[in-house]
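Numbers restart at 1 for each chain; the letters A, B, ... are given by sequence-line order, proteins then strands. Since we're looking at a predicted model, the values are computed, not measured.
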2 protein chains.
Amino acid sequence: MAARREAGEGDPTLIWERPEPPSRPAPSPLSRERIVRAAIELADADGLEAVSLRKVAAALDAGPMRLYGYLSTKEELLDLMADAVYSEIPPPVRAGDDWRGALRSLAHGTRDAALRHEWFADLLSGRPHLGPNALARGEASLAALDGAPGFEHIDTIMLAVNTVNVYVIGALQRQIADLRAARTTGMDEREWQHASYPYLARMLATGRYPTLARFVRDASHADADSTFEAGLDCVLDGIAARLPRP
Amino acid sequence: MAARREAGEGDPTLIWERPEPPSRPAPSPLSRERIVRAAIELADADGLEAVSLRKVAAALDAGPMRLYGYLSTKEELLDLMADAVYSEIPPPVRAGDDWRGALRSLAHGTRDAALRHEWFADLLSGRPHLGPNALARGEASLAALDGAPGFEHIDTIMLAVNTVNVYVIGALQRQIADLRAARTTGMDEREWQHASYPYLARMLATGRYPTLARFVRDASHADADSTFEAGLDCVLDGIAARLPRP
DNA sequence: TATCACACCGATACACTGTATCGCAGTGAT
DNA sequence: ATCACTGCGATACAGTGTATCGGTGTGATA
């Protein structure tokens, strides 16, 4: 092991605090940020499984081992990538007492950033995101509701922010899974949803799923955006219902 | 390629329809089900990244290549594993008009099954789950609300089921990420949440996240179960708010 | 019963992964 | 001018998913 993995051996979250190696002028035009940027480019283009230390290094004209001066593990790179996504989420806007607007802008900001980087969904189940940008987003979320009318109790705010976040995460997960499925079959999302999707059609034709079949036939299949919006409204209504009578 | 990958070459969802190879009596005491069971045991014990075709095959006293008679890809194995989790979800009970109870039991059943198999969360972003058991769960969910008072319109049912599902998925994702983080630090979940977690404490001490710090200090950090319950109630309230006046 | 044809198992191989090791070159100090 | 050292990256290793294909055991046929 020697001195390769320097500080914070046991605790993987310590990337956020460990200083970068001083970027020596000539021989090392590398930085954690450049590495992360290269990795994100790869992931955006070809998915997370295309991100290998070798490829990232190659994109930076370096040998794979070079990266270990800036990262001590591939997991760290993934953490940094996730945090970079958080940095793209704009702070929620709160106009006066419009807490719904605040939560809504938070939700949309998160969703937009995540849809720009589909691989983000794959990093959600890994470990909690605690990088500086993720924390900043947390800070901004809470601050956006802090002091809004009806949100006097701290636990009310927690519940609201948590529920919205959880909804957004779940919705993302699902939409991205669908997007990928659609892409591998070559259809666009709309076509796919309309269930000319042959396997599903055959499965439904077995008669084992009568209700499902009826719904696939009769429901007005909205696009992903409006479905997201409808669910979000639903969640916001639920939050509103638990506020003290104004 | 020859005859190894037989039917449904292009479409990866076709596992569900492709028949198993006829289990020849003596030399082949293997079956898709045994393979999946072995893989699930590995994943339950050591996480999804411990599931390699070699290890699964070894657990069954077979060479790695043997599995390719039953699967054409590791992805298929993962799909089968995911569907096995769905088979553990009990059909939602609906007592009379109690649609809340139906959705609640659906949510809990899903959550319980997923917490029994933490790796399930990692499979959510992969591709949509369309195995027979997943479809059966879909069927049961819709059927549970079908005809309940207030749910006359098909889109109302869709919205309700979708929103609950999405909430459950998101909540799972998050709790499992937390569980893992807690485990790698050796603490139990409760301890971890109570933020003696040293990195977080240091980060909050920087003063860059004042609201967050206050919340971590003052909020009553409920355990995962009650948080889930509270959020679920919130979502159910939101659904209730959108029903036609009774 | 002896032979043949065929099916299939799994050893071998390949390209790829993350990462440990360590020789060597290049730098700064003496 | 010499030395000590630092840190880069070639090499190596154990592991992955999967393609290939030789050998073997089986069932059918003569």
Using atom [atom1] of [X] as one end and atom [atom2] of [N] as the other, report the distance to the nearest whole Å.
| X | N | atom1 | atom2 | answer |
| --- | --- | --- | --- | --- |
| A:Lys74 | D:dG15 | NZ | P | 18 Å |
| B:Glu49 | C:dT17 | CD | C1' | 14 Å |
| A:Leu53 | D:dG9 | CG | P | 15 Å |
| A:Asp46 | C:dC16 | CG | P | 14 Å |
| A:Leu67 | C:dA20 | CG | P | 14 Å |
| A:Arg66 | D:dT6 | CZ | C1' | 14 Å |
| A:Leu60 | D:dG9 | CG | P | 12 Å |
| B:Leu71 | D:dA19 | CG | P | 13 Å |

Is [X] salt-bridged to [Y], going by a charged N under 4.0 Å from an acidic O?
| X | Y | value |
| --- | --- | --- |
| B:Arg66 | B:Asp61 | no |
| A:Arg127 | A:Glu75 | yes |
| B:Asp122 | B:Arg180 | yes |

Does the side chain of A:Thr110 pick up a donor-acceptor pair with the side chain of A:Arg137 at under 3.5 Å? yes
Please determine if a side-chain N or O atom of [X] lies less than 4.0 Å away from the OP1 or OP2 oxygen of [N].
| X | N | value |
| --- | --- | --- |
| A:Tyr68 | C:dT19 | yes |
| A:Lys55 | C:dC16 | no |
| A:Thr73 | C:dT19 | yes |

For the pair A:Phe120 and A:His129, name the ring-plane relationship: parallel under 30°, tilted 30 to 60°, perpendicular over 60°. tilted
Counting any heavy atom closer than 4.0 Å, what does A:Val51 reach on the DNA or RNA strands: base, sugar-phosphate only, or nothing?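 The answer is sugar-phosphate, as A:Val51 gets under 4.0 Å only of primed atoms, P, OP1 or OP2.
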What nucleotide, of D:dG9, C:dT17, D:dT20, holds the atom closest to the side chain of B:Met65? D:dT20
Can you tell which of D:dT16, D:dT11, C:dG10 lies closest to the side chain of B:Ser52? D:dT16
Can you find a donor-acceptor N/O pair under 3.5 angstrom joining the side chain of B:Arg54 to the base of D:dG15? no
